[in-house]
Amino acid sequence: MKRPSFRVSAFQDKVYRAVSKIPRGRVSTYALVARHIGCGSARAVGQALRRNPFAPRVPCHRVIASNLGIGGFNGHRTGRDIARKFSMLEEEGVRFAAGRLAERDRLYGFGETP
DNA sequence: ACATGTTCCTTAC
DNA sequence: GTAAGGAACATGT
C-alpha cells in the first residue's frame with residue numbers, strides 16, 4: 001500500500017467531479033455528463049465510471065442512460081448488481097418503473113440548461 | 001448500424 | 001523502460 005492505482009486522468013477527474021455534483025434525489029445521464037465536461041462521447045463517461053476508483057464517493061448509481069434506462073453497474077448490465085442500483089435510487093426518492101425512470105423531472109442538468 | 005472518446009492489454013525493441 | 005497497435009466499453013442517434 002503505497003501506491004493505490006488511483007491514476008485518475010484529467011478526463012476521469014472531470015467525470016467524477018461532475019457526477020459527484022449530482023444532488024441526492026436526482027439523476028443524470030451519461031450524455032449529459034459527457035456534454036458537461038466537454039466530451040462528445042457518452043461511452044467515454046461510462047468507461048470512466050466503470051473504473052470508479054472512488055467508489056461510493058462518486059454516486060455513479062445516479063447516472064443512467066439517456067433513454068431513462070438504468071445503464072449498467074459494476075460492469076454488468078443485467079443482474080442483481082443492477083437491482084442494487086435501483087434500490088439506491090429509489091431510496092433517494094427516485095422512482096423507477098419497468099426498468100426506467102418514472103419521472104423525467106428527476107434529471108439533473110448540472111444547472112446548465114434551465 | 002454506425003459513430004465518438006477513453007481505457008486497457010499484449011507485443012516489440 | 002518506452003513505444004505502438006488493436007480490442008473493449010456501464011452510450012447515443
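The chains referred to below are lettered A, B, ... by the order of the sequence lines, with proteins before strands, and numbering in each begins at 1. Since we're looking at a predicted model, the values are computed, not measured.
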S9(A) side chain to Q12(A) backbone, donor-acceptor under 3.5 Å: no
Test item: V8(A) and P53(A) side chains (from C-beta on) under 4.5 Å apart, heavy atoms: yes
Test salt bridge (Lys or Arg N to Asp or Glu O under 4.0 Å) applied to E92(A) and R62(A), step by step: CA-CA 10 Å; E92(A) 295 193 350; R62(A) 281 183 201 154; 2.8 Å; yes
Of R50(A) and V45(A), the one whose closest DNA chain B nucleotide lies more 5': V45(A)
K14(A) NZ - dT7(B) C1' separation (whole Å): 15 Å
Watson-Crick and G-U pairing of DNA chain C, under 3.5 Å, as dot-bracket with | and [ ]: |||||||||.|||
Whole-Å distance separating the CZ atom of F86(A) from the P atom of dA10(C): 16 Å
Among dA10(C), dG5(B), dT13(C), the one nearest Y30(A) by side-chain distance: dA10(C)
5' precedence on DNA chain B between Q12(A) and A42(A) (nearest-nucleotide basis): A42(A)
Selection from dA10(C), dT6(B), dG12(C) that lies nearest to any side-chain heavy atom of L49(A): dA10(C)
Value in whole Å for how far the C1' atom of dA10(C) lies from CG of N67(A): 13 Å
Interatomic distance where CZ belongs to R35(A) and P belongs to dT13(C) [whole Å]: 10 Å
K85(A) (side chain) donor-acceptor with V63(A) (main chain) under 3.5 angstrom: yes
R51(A) side chain near dC8(B) phosphate (N/O to OP1/OP2, under 4.0 Å): yes
Protein-nucleotide distance (Y16(A), atom OH; dT6(B), atom P), rounded to Å: 14 Å
Whole angstrom value for the distance that separates P of dA8(C) from CD of Q47(A): 12 Å
From dG5(B), dA10(C), dT7(B), nucleotide with atom closest to S41(A) side chain: dG5(B)
Value in whole Å for how far the C1' atom of dT13(C) lies from CG of L32(A): 16 Å
Side-chain N,O (S9(A)) to OP1/OP2 (dT6(B)) below 4.0 Å: no
Spacing of F11(A) atom CZ relative to dT7(B) atom C1', expressed in whole Å: 10 Å
Contact check, side chains of Q47(A) and F11(A), non-hydrogen atoms, under 4.5 Å: no
Beyond-backbone contact of H61(A) with L89(A), side-chain heavy atoms, under 4.5 angstrom: yes
4.5 Å side-chain heavy-atom contact, L49(A) and Y30(A): yes
